[in-house]
Amino acid sequence: MAIEIDSLFILIGKTVIYGALALLILAVLGSLLIAYSFKTERFIFPNFMLFSITVLETIVKAIFRLVGVDDSIVDDVGIALKNKISIRKFRETPVNKRLIFLPQCLRAVDCPSKLSPDGMKCINCGHCEVGHAIKSAESIGYKVFIVPGSSFIKRLVRKHKPNAILGVGCITEIKAGLEMCEKLNLFGVGLVLDRAGCVSTTLNWDNFYEFIEFDDPNPNYL
Ligand code: SF4
């Protein structure tokens, strides 16, 4: 009986070691592909890369840190890859079924907008680009919201039932937003801020206007 238990422990031990080794090999391969994609902006084996970025994220980031490379590359490539996967479906979605979420930090510091159940209500005072951007997007058919946090996004998604979402934000917000879209079966695309922070953040507005005005299925800035 004691020998059988010993054999069982040995089997479990071997399984754990081989499993960990297999995960490590997969993570190293995933890391190489992510680094290659970051350098060349080409995605090979996208499904495997997506697996590496989502399921093996912790190990992959640890490998990047171990070799002295900035692990934010993993997030950059993950967002670019998810954008690439969703963009065609996003473009096929009728524009009145698309929502745009802008972060409140993009507003001017002296913004006079007031908080409402639909987020900050821009009065297009002219102190920042947000007012003009909202006007342009709404004239095309988008619904646009300035949101102070993710709880607003969830509530507005429940209320307006979109099929596709364009989110603007910092890398962390875009990552969380794209994960939320995946869970809700929405086609999510993220535009990352040029400068993140709590106030006075900046966005490449040319890219924003190009995105909403032209249905380019393969924009080079995503
Ligand atoms: S344009 Fe809109 S968002 Fe910008 S400062 Fe004025 S009210 Fe605020």
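Counting starts at 1 for both ligands and their atoms, in listed order.
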Is a donor from one side chain sitting under 3.5 angstrom from an acceptor on the other, for Glu129 and Tyr209? yes
What's the separation between atom CD1 in Ile174 and atom SG in Cys181, rounded to the nearest 0.5 Å? 9.5 Å
Is a side-chain donor-acceptor pair under 3.5 Å present for His127 with Asp110? yes
Of all the atoms in Cys111, is at least one N, O or S atom closer to atom 4 (Fe) of ligand 1 than 2.8 Å? no
Just need the protein heavy atom nearest to atom 6 (Fe) of ligand 1, so name the residue and atom and give the distance. Cys125 SG, 2.3 Å
Can you confirm whether or not the ring centre of Phe38 sits under 6.0 Å from the ring centre of Phe43? no
Presence of N, O or S from Cys122 under 2.8 Å of atom 2 (Fe) of ligand 1: yes
Closest approach of any protein heavy atom to atom 7 (S) of ligand 1, naming residue and atom: Ile123 N, 3.5 Å
Which atoms of ligand 1 have any heavy atom of Gly131 under 4.0 Å away? 1 (S)
Using a 4.0 Å cut-off to any heavy atom of Cys128, which atoms of ligand 1 qualify? 1 (S), 3 (S), 4 (Fe), 5 (S)
For atom NZ of Lys97, is the number of surrounding heavy atoms from other residues, nucleotides or ligands below 6.0 Å larger than 12? yes
